[in-house]
S.K.: 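Structure incoming, see below.
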2 protein chains.
Amino acid sequence: MKLRQLRSLVTLVDTRFSVSRAAKELHLVQPAVSQHLKQLEEEVGTRLFVRQGNRLTGLTDAGEKVVHYARRTLAETASILAVGRDHVAEDRGVLRIGTTHTQARYVLPPVIRRFSMAYPEVELQIHQGVPDQLADMAVHDTVDLAICTEALDSHPALKVIPCFRWNRCLVAPTDHPVLSKRPLTLELLSTYPLITYVIGFTGHGRFHDSFARVGLRPRVVLSAADTDVIKTYVREGLGLGIMACLAFEAGRDDDLAMRDLSHLFPWEVTKIAYAREKYLRRFQEEFINIFQAGTQPMARGRKWQASTGP
Amino acid sequence: MKLRQLRSLVTLVDTRFSVSRAAKELHLVQPAVSQHLKQLEEEVGTRLFVRQGNRLTGLTDAGEKVVHYARRTLAETASILAVGRDHVAEDRGVLRIGTTHTQARYVLPPVIRRFSMAYPEVELQIHQGVPDQLADMAVHDTVDLAICTEALDSHPALKVIPCFRWNRCLVAPTDHPVLSKRPLTLELLSTYPLITYVIGFTGHGRFHDSFARVGLRPRVVLSAADTDVIKTYVREGLGLGIMACLAFEAGRDDDLAMRDLSHLFPWEVTKIAYAREKYLRRFQEEFINIFQAGTQPMARGRKWQASTGP
DNA sequence: CGTTCTTACGTGTGTCGTAACGATC
DNA sequence: GATCGTTACGACACACGTAAGAACG
């Protein structure tokens, strides 16, 4: 068995079973990849692929399992190289962060500023995605760290570190009648057209649950994947925005009024996750520390620290 | 990076840093292994070995980490091949069991009889060792399953399945005066010379604790690694034997008298363990089931079942 | 007929073994 | 000087790329 063969296998799967695409991805020619797959299948001794004619279209049961272990194998080898890079140039390398728009736009800037000061030689990459994608990216080692609020806990292969909690606020044009009313209740909110996050994002599930629990149904006229779109349509007068407090920028958003709503909705927790068995480079651990320190810590004094055990 | 190189690395470590021994183990010549190590070190980009002259004597910090991931890598590839063997010949292969003398001698025979009936084509290997060794063997995939009472819980890399509980009994020559006394108490026992298991074996720690808790010190005149030795010296009249009840054979041991002592000592639990991420072949899972069914189950109805998750 | 994968074949790289050299005890 | 390691070199194998052929839409 060769690592190349395993690499071809997982790339084939990741390119949705196109040998040619996999070959391109791997900077090889098709026949080379074909040979890898053939040899691997031969060595394992059982059919790994579902074939239609001579086209590969899926995995057999055995194939699924083999791919699982192949992924792990490659992740381990990546860790080996990471160990080397860490020792050779502790403060040089790439940090690939997967996160959502809201985190990238409103939470990460100060963290990244501090991190870049400490590690000016580290190249930062920010990959955006929806929480489900982010979890997959972390598992498959497409990103080093995934930062978001949802979807991370479900993955048993991820190590998840809760970082800080946040809640929602109401955003409205400064002359909107709702601003004069108080207290702000779910009943009151449900009488207005609302703008909030799309499902699968930043606690959308709990948003609806909070209304449902008291027998209400919010009138969501627009749901957006990112906070800037929400604010834009609030400015347009389309409705009231309900979004993460931390996304309200004091200076830039003074044409909007903000009201805290943490008495109406459960707290959300933003977490950092990474593949459980991944070797974290020094500066990657350090990023986590800076992130926890730079945002309001969940619980003071219980700072996360690196652990070598699983 | 090549798998061969990783194999050479871990073999080097396992042969206590002799390139020649490692080469012999791998059926290669020394220069080949030297080259592997050199190339690997080059690719990782940092010193992995502590050298004295040109002799390798140990690992650097980086080396330790690399070896860790190399071991995992090789284990994953072994799992890949195991998947294949499982699908090609479900009922053929090797089952390597690591266990202690007592288990091998008194617990396993009926289990193995049943297993061999179900899987006559599976070659069974029984490797004996002390619990600590067994744990290591399971972690390093020298055995597929480790079966014993102690030392398994401490290893986070092991998946541990409690199987059945047992306790100790008193064994004495049929004419021994202690047999007429009752109740049997720790005080009483501590007045006689005792023969039991050596430290590190089958609950030896708890054995002493039970006495210590009531301020007594047992007079152990001989401690043995296996039950047969204990019985032998009890027959010699050297002292009273305190051993696992299950090791008393009704027919063969009728020249000895047996008294249950489960009211004096805590219950011990025999467990099966295997490397957490190891791919268990069908018949390996089946062995676990047979073991649980064939011995008194810990808790009826809560039978162990295979899980794919970690 | 273009796309996609396979088979066939040549070339260059790589890996192992033999052999000679160097270091350490 | 015996053991253990590295370096040097040659034979063989292997993996990739090119090119041509076969299956599918």
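Below, each value reflects all heavy atoms present in this structure, side chains not excepted, and no hydrogens, waters or symmetry copies. These figures come from a predicted structure and were not determined experimentally. Chain letters run A, B, ... following the sequence lines, proteins first, then strands; residues in each count from 1.
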S.K.: So if I take every side-chain heavy atom of A32(A) and compare against dC16(D), dT6(C), dG17(C), which nucleotide ends up nearest?
M.R.: dC16(D)
S.K.: How would you list, by chain and number, every residue that makes a ring pair (Phe, Tyr, Trp, His ring centres under 6.0 Å) with Y119(B), sequence neighbours excluded?
M.R.: F115(B)
S.K.: Below 4.0 angstrom from OP1 or OP2 of dC16(D), is there any side-chain N or O of H27(A)?
M.R.: no
S.K.: Return yes if a side-chain donor-acceptor contact under 3.5 Å exists between E286(A) and Q284(A), otherwise no.
M.R.: no
S.K.: Quickly work out the E42(A) CD to dT6(C) C1' distance and round it to whole Å.
M.R.: 14 Å
S.K.: Which residue, G53(B) or S18(A), contacts DNA chain C at a nucleotide closer to its 5' end, judged by nearest heavy atom?
M.R.: S18(A)
S.K.: Which sits closer to the 5' end of DNA chain D, P31(A) or K2(A), going by the nucleotide each is nearest to?
M.R.: K2(A)
S.K.: Would you indicate which nucleotide in dC16(D), dT7(D), dG17(C) comes nearest to any side-chain atom of V29(B)?
M.R.: dG17(C)
S.K.: Are a donor atom and an acceptor atom from the side chains of D141(A) and Y274(A) found within less than 3.5 Å of each other?
M.R.: no
S.K.: What nucleotide, of dT6(C), dT4(C), dG5(D), holds the atom closest to the side chain of S20(B)?
M.R.: dG5(D)
S.K.: Which of these nucleotides, dC5(C), dT15(C), dC16(C), is closest to any side-chain atom of R55(A)?
M.R.: dC5(C)
S.K.: In this structure, how many angstroms lie between the C1' atom of dT7(C) and the CD atom of Q35(A), rounded?
M.R.: 10 Å
S.K.: For L28(A), answer base if it contacts any base atom (sugar-phosphate contacts may also be present), sugar-phosphate if it contacts only those atoms, and nothing otherwise; contact means non-hydrogen atoms under 4.0 Å.
M.R.: sugar-phosphate
S.K.: Between atom NZ in K24(B) and atom P in dT3(D), what is the gap in whole Å?
M.R.: 11 Å
S.K.: Nearest-Å distance, NE2 (H36(A)) to P (dA15(D))?
M.R.: 7 Å
S.K.: Using whole Å, what does the distance between atom P of nucleotide dA15(D) and atom CE of M1(A) come to?
M.R.: 14 Å
S.K.: Measure the distance from CZ on R51(B) to C1' on dT24(C) and round it to the nearest whole Å.
M.R.: 15 Å
S.K.: Counting only side-chain heavy atoms from C-beta out, which of dC16(C), dA15(D), dC5(C) sits nearest to Q39(A)?
M.R.: dA15(D)
S.K.: Just the rounded figure in Å: distance from P of dT3(D) to CZ of R21(B).
M.R.: 14 Å
S.K.: Does a salt bridge link D86(A) with R282(A), judged by any charged N lying under 4.0 Å from a carboxylate O?
M.R.: no
S.K.: Taking atom types as modelled, is there a side-chain donor on T227(A) or T102(A) under 3.5 Å from an acceptor on the other?
M.R.: yes
S.K.: Is a donor from one side chain sitting under 3.5 angstrom from an acceptor on the other, for T46(A) and H87(B)?
M.R.: no
S.K.: So, does K38(A) get its side chain near the phosphate of dC5(C), meaning an N or O under 4.0 Å from OP1 or OP2?
M.R.: no
S.K.: Determine: side-chain N/O of R4(B) to OP1/OP2 of dC16(C), distance under 4.0 Å, yes or no.
M.R.: yes
S.K.: State whether Q5(B) places a side-chain N or O below 4.0 Å from either non-bridging phosphate oxygen (OP1 or OP2) of dT15(C).
M.R.: no
S.K.: Expressed in angstrom and rounded to an integer, what is the separation of Q30(B) atom CD from dA20(C) atom C1'?
M.R.: 14 Å
S.K.: Any side-chain N or O of S34(A) under 4.0 Å from OP1/OP2 of dC5(C)?
M.R.: no
